[in-house]
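Here the structure comes first, spelled out in structure tokens, and everything after it is commentary.
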Amino acid sequence: MPNPRFPIPGGPALRAKGWRQEALLRLLENVLSVGEDPDNLIVYAALGKAARNWAAHDRIVEALKTMDEDQTLVIQSGKPIGLLKTHKDAPLVIMANCNIVGQWAKAEVFYDLQEKGLICWGGLTAGAWQYIGSQGVIQGTYEIFMRIAEKRFGGDLRGRFVLTAGLGGMGGSQPLAGRMAGAAILCVDVDPERAEKRRAIGYLDEIAPDLDSALAVIDRAAKAGEARSVGLVGNAADVYPEIVRRGIVPDVVTDQTAAHDLVYGYVPKGFTLAEVRALRVTDPARLMAESRASIVDHVRAMLAFQAAGAEVFDNGNLIRTHARDGGVANAFDIPIFTEAYLRPLFCRAIGPFRWMALSGDPEDIRIIDDLVLERFPDNRIVSNWIRLARENVPFEGLPARIAWLGHGARTELAVAVNDLVAKGALAGPVAFSRDHLDAGAMAHPNIMTENMLDGSDAIADWPLLDAMALCASMADLVVVHSGGGGYAGFMTSAGVTLVADGTDAADRRLRHALTNDTSLGIMRYADAGYDEAVDEAAAKGLDWFDLSGRA
Ligand code: NAD
């Protein structure tokens, strides 16, 4: 459903002085074209914005169109500050988004600064113009489901009932990921428009009129071993406890409502969406208290499912943190997905790498799909994913693909794609990026770095080092983000974008930046004492200093 006011960019014509600038401009246009509320510059995760305000946005666009390759555009929390004279190997854009000094990094301070127009939250990929719609997290969600399937259900989720909530920008990936894993998946969202958006793009098979019908469809599908995704419009804080009350135990339970933000994200039960929107202005403190009270019921139901034998996990939205603050002492009995399922991959810097066809031509992605299958035939995760994704994942905005590749493989693929661009085998250049939730790129003690072996959960040096290493490695765009809204004080992350425009300079940038990004990721986990990372550092010949005293 392309939004006519925010068209998807594409085509061969340059509006900037070079492809690097044009690429970043197209990526900015793209995050708005696939964003949740582009009129307000909001891309996803409740308040994650592409730019501070429309004046800032327009000035960024003008700067990208007119700047030379030997300049660097400086952006502070979505506002362009100016151009610095650098050189052709320097980043074109550097950003710092929403970094508030430690003792001040609280949701209320953030809202106040936002009100004064001094800051905005960039989400993880919104402010850095890297968001590619729900497909950006879909493989991550799918891999979580598959790890659970391997751990508990013999390899896939066929015949299994998955219960979740949240059909927003990121949560909207869940129904498709669940269906791809074979499950009968029920997704609850309080906003009928969000549910309809996911149905319209085919992520949801249907929206059930009420809980009874939803459970009946799920039951039939699970018994028949049929993969099916069902939406239900309702408040998860009502629906989850009601399912508990009925004595029904799903096989897998999670949640991806925007629970991290008690004012702009989560919708407390007993309130209409209009009432919540009004309370955001008139009484945010009451809204915070109501959201926290609902989250308490919501998480108590998740704990009840866990006690009854369901596989329950936190999907990265701070729901346990708010429940604990609301008095649920054992909220952290629910594990975080990173530690429970994905950390062994992060130890080897395998994470959510992605690429976007700047031409707008889907054929470019198909050609790169073939290249991935040809280059990495023994990589079971990636081969399986590419085959599934090309059949099941519709493009949103600029044609894009995500694939969990690691150290060496990312560089190899990007350099090979740059060669294809140089030969004219693709319709245009390709941008490479990754989620901020990546090995060396994120400190988030309640998500990415929870329960690190060495207790280094809250140390934010790693993303800062990563960003500096990426600047030193000539990446095209480098960003440091910290949390805003309900995430204020909870996280710091680094992001990177590179443009494969077919030049020798791009070849150099891709080799340095992608290799160093993943090298640092492996070193971060090796430094924390993870054997998989120590082995990977040795296997890949990294120049890592082991000061642990291990033999
Ligand atoms: P979003 O703001 O686009 O969507 C949130 C959705 O939750 C909305 O559709 C809203 O209607 C719904 N909702 C709110 N309260 C509800 C309730 N009580 N019951 C039912 N539905 C309710 O947010 P998003 O981009 O989809 O992100 C969701 C959460 O996931 C955020 O907290 C985000 O930070 C987190 N996240 C996790 C990962 C990860 O890697 N696991 C990645 C990105 C985002």
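All ligand and atom numbering here is 1-based and tracks the order in the structure. As the structure is a prediction and not an experimental result, all values here were calculated from the model.
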For Y44, the ligand 1 atoms whose distance to one of its heavy atoms is below 4.0 Å: 25 (O)

Within 6.0 angstrom of W54 CH2, more than 12 heavy atoms from elsewhere: yes

Backbone or side-chain N or O of V190 under 3.5 Å from ligand 1 N or O: yes

F110 ring center near Y487 ring center (under 6.0 Å): no

For S134 against G168, the heavy-atom pair lying closest together: OG-O, 4.1 Å

T492 versus S482, side-chain donor and acceptor atoms under 3.5 Å: yes

Proximity to ligand 1 by part of A236, non-hydrogen separation under 4.0 Å: both

G234 to ligand 1, any heavy atom closer than 4.0 Å: yes

Contact (N/O only, under 3.5 Å) between G172 and ligand 1: no

Side chains of D37 and N40, donor plus acceptor under 3.5 Å: yes

Sole residue of N330, D314, D325 in side chain to side chain donor-acceptor pair (under 3.5 Å) with R320: D314

Identity and distance of the protein heavy atom lying nearest atom 3 (O) of ligand 1: G169 N, 2.9 Å

Polar proximity ligand 1 side, N315 side, N/O cut 3.5 Å exclusive: yes

Residue-ligand contact A165/ligand 1, heavy atom below 4.0 Å: no

Ligand 1 N/O within reach of Y487 N/O, cut-off under 3.5 Å: yes

Residue, atom name and distance, where the atom is the protein heavy atom closest to atom 42 (C) of ligand 1: V137 CG1, 3.9 Å

Residues, nucleotides or ligands: over 12 heavy atoms within 6.0 Å of E193 CD: no

Heavy atom of the protein closest to atom 14 (C) of ligand 1 (residue, atom name, distance): G265 O, 3.4 Å

Proximal atoms of ligand 1 relative to G171 (non-hydrogen, under 4.0 Å): 26 (O)

Non-hydrogen side-chain atoms of T449 and S456 separated by less than 4.5 Å: no

Heavy-atom proximity to atom 36 (N) of ligand 1, best of M442, H298, E193, Q256: Q256

Atoms in ligand 1 with a heavy atom of G168 nearer than 4.0 Å: 1 (P), 3 (O), 4 (O), 6 (C), 9 (O), 26 (O)

Residues Q130 and R434: side-chain donor-acceptor under 3.5 angstrom: no

Option nearest atom 40 (O) of ligand 1 (shortest heavy-atom distance, choices F313, F271, F337): F337

R280 and Y264 side chains, donor-acceptor separation under 3.5 Å: no

G316: numbered ligand 1 atoms lying under 4.0 Å from its heavy atoms: 35 (C), 36 (N), 37 (C)

Trace of the ring-ring contact (aromatic ring centres under 6.0 Å, His included) decision for F346 with W404: CA-CA 10 Å; F346 289 129; W404 279 54; 5.5 Å; yes

Side chain to side chain, Y266 and R292, heavy atoms closer than 4.5 Å: no

From H444 atom NE2 to F490 atom CZ, the distance as rounded to the nearest 0.5 Å: 7.5 Å

Distance-only donor-acceptor check, side chains T321 and N446, under 3.5 Å: yes

Polar atom proximity, R194 to ligand 1 (N or O, under 3.5 Å): yes

L232, N235, D238, V188: member with heavy atom nearest to atom 17 (C) of ligand 1: N235

D189 N/O to ligand 1 N/O under 3.5 Å: yes

Nearest neighbour of atom 13 (N) of ligand 1 from the list T257, T338, I447, on a heavy-atom basis: T257

Region of M170 that comes within reach of ligand 1 [heavy atoms, distance under 4.0 Å]: both

Heavy-atom nearest neighbour of atom 23 (O) of ligand 1 within options G35, G136, A45: A45

Protein contact to atom 32 (O) of ligand 1 [nearest heavy atom, distance to 0.1 Å]: H260 ND1, 2.6 Å

Under 3.5 Å: N/O of A46 near N/O of ligand 1: yes

Residues N97 and H481: side-chain donor-acceptor under 3.5 angstrom: yes

Geometric N/O contact V267 with ligand 1, under 3.5 angstrom: yes

